[in-house]
Amino acid sequence: MEEACEFRSWDELIPDALGLIFSNLSLQELLTVIPRVCKSWRKAVMGPYCWQEIDIVEWSQRSSPESLDRMLQMLITRSDGSHRKLSVSGLRTDASFSFVADHAKSLQTLRLPRSEISDSIVENVAWKLSTITFLDVSYCKKLGAPALKAIGKHCKLLTGLRRLKHPLEIVDKLNQDDEALAIAATMPKLKRLEMSYLLISTEAVLKILTSCCELELLDVRGCWNVKLDEKLIKKFPCLKVVGPLVIDCYEGNGWDDCSSYSGSSGYLAWDFVADEMDYYDDELDVAWEDESMDDLELRFYDGFDADNAGFDWAQSP
């Protein structure tokens, strides 16, 4: 008796299964290749299942401010507020940050390195970020203690904070103990704190250690005013301290070369081409046109390695 074998077509997979599979693809493939395969795949990539985690850090470092805003709005809109992780570098305006906060109902991890956001906007919208558990505001030069205090006040689930500085950022600063004290006063549940190159004192760090009793990792590389001897550290047996000696990265190299947008021909440009998809149904075509992405140029740098570009510090252990 011949056994019947049934194979399910790829285009019949449910959207959440497709989203899980597509999560292994690059941003470029998701936006330019998958939509052209078939109608069901295009529908999946237009919906929230593919955008539970939005990571455009590498792309955003080489995009224009206008393209960055449009990309961010498109992907967050597609996620329908269900994204749990958002990583983007170099937000240029408070309005962009406000948009992120307005759609943060499910957000747990937020990485915004090198963003030009102000204390005032953070103070105004921090209450919308109450689900955040990890926050990266490294190299955000306009942020200070007021923003950190607002975050600590409203983000009660926060267990990780990355607040790195670059030596060039602190040349004209005298003291940044106010940031450390804001952390100590409002973030008692921190388990991981990275604050390389802040101009903080030993006293401010001790305040953090006594206030954040669950702390497991403290990164103070480059915080030259901090003096923590072994006898003191032994009082916190569950704590690992990194620094203040910097031994795993170099200072200053590449900061200016890698931190801004460029329209150089060294980038691979690609476009959304909606008029090549006429065979899809009208509903999806209307959705495509509504996003006004036909003329958005997305620039990718071939082989760009953000982790070793010279303007970021190695991840803490």
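Small disclaimer: the values here were computed from a predicted structure and weren't measured.
- Of the candidates Glu194, Met195, Arg221, Glu194 is the only one forming a side chain to side chain contact (heavy atoms under 4.5 Å, CB included) with Leu164.
- Remark: the Asp136 side chain and the Ser138 side chain contain an N/O donor-acceptor pair separated by less than 3.5 Å.
- Of all heavy-atom pairs spanning Phe99 and Thr77, the tightest one is CZ-OG1, 4.2 Å.
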*Walk me through it: do Asn225 and Ser201 pass the test side-chain hydrogen bond (donor to acceptor under 3.5 Å, both in side chains)?*
CA-CA 5 Å; Asn225 295 331; Ser201 64; over 6 Å; no
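- Between Leu215 and Leu217 the shortest side-chain heavy-atom distance does not fall below 4.5 Å.
- In this structure, Arg114 and Tyr139 have side chains that are in contact, with non-hydrogen atoms separated by less than 4.5 Å.
- If you take CZ on Arg192 and CG on Leu158, they are separated by 12.5 Å, rounding to the nearest 0.5 Å.
- At a threshold of 4.5 Å between non-hydrogen side-chain atoms, the residues Val242 and Val220 do not count as touching.
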*Dump the intermediate steps for side-chain contact (heavy atoms from CB on, under 4.5 Å) on Leu209 and Leu218, then the final yes or no.*
CA-CA 9 Å; Leu209 294 180; Leu218 176 64; 4.0 Å; yes
_Check against side-chain hydrogen bond (donor to acceptor under 3.5 Å, both in side chains), Gln52 and Arg84_ = CA-CA 6 Å; Gln52 301 298 296; Arg84 299 184 300 271; 3.1 Å; yes
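- Contact check for Leu72 versus Leu91: side-chain heavy atoms found under the 4.5 Å cut-off.
- Looking at Ser98, its side chain never comes within 3.5 Å of a backbone N or O of Asp94 through a donor-acceptor pair.
- Minimum heavy-atom separation, Arg162 to Phe134: CB-CZ, 4.0 Å.
- At least one side-chain heavy atom of Ser89 sits under 4.5 Å from a side-chain heavy atom of Ser60.
- For the pair Trp59/Ser67, a side-chain contact is recorded, criterion being any heavy-atom separation below 4.5 Å from C-beta on.
- Under a hydrophobic clustering in which Ile, Leu, Val, Met, Phe, Trp and Tyr are joined whenever their side-chain heavy atoms come within less than 4.5 Å, directly or via other members, Ile121 and Ile132 fall into the same cluster.
- Taking each heavy atom of Ile76 and Ser79 in turn, the nearest pair found is O-OG, 2.7 Å.
- The side chain to side chain donor-acceptor pair (under 3.5 Å) contacts involving residues 121-131 comprise Asp102-Lys128, where partners must be two or more places apart or lie in separate chains.
- With a 4.5 Å cut-off on side-chain heavy atoms, Val100 and Val88 do not count as touching.
- Applying the side chain to side chain donor-acceptor pair (under 3.5 Å) definition to pairs two or more places apart or across chains, those involving residues 178-189 are Arg163-Glu179.
- Shortest non-hydrogen contact noted between Leu30 and Val45 is O-CG2, 3.2 Å.
- With a 4.5 Å cut-off on side-chain heavy atoms, Met71 and Leu27 count as touching.
- Leu143 and Lys165 get closest at one heavy-atom pair: O-NZ, 4.5 Å.
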Solution key, residues 146-157 side-chain donor-acceptor pairs under 3.5 Å, sequence neighbours excluded:
from: Lys156; atom 1: NZ; to: Lys153; atom 2: O; distance (Å): 3.3

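- In this structure, the side chain of Asp219 does not engage the main chain of Val241 through any donor-acceptor pair within 3.5 Å.
- Smallest separation of non-hydrogen atoms from Gly160 and Leu190: N-CD2, 3.7 Å.
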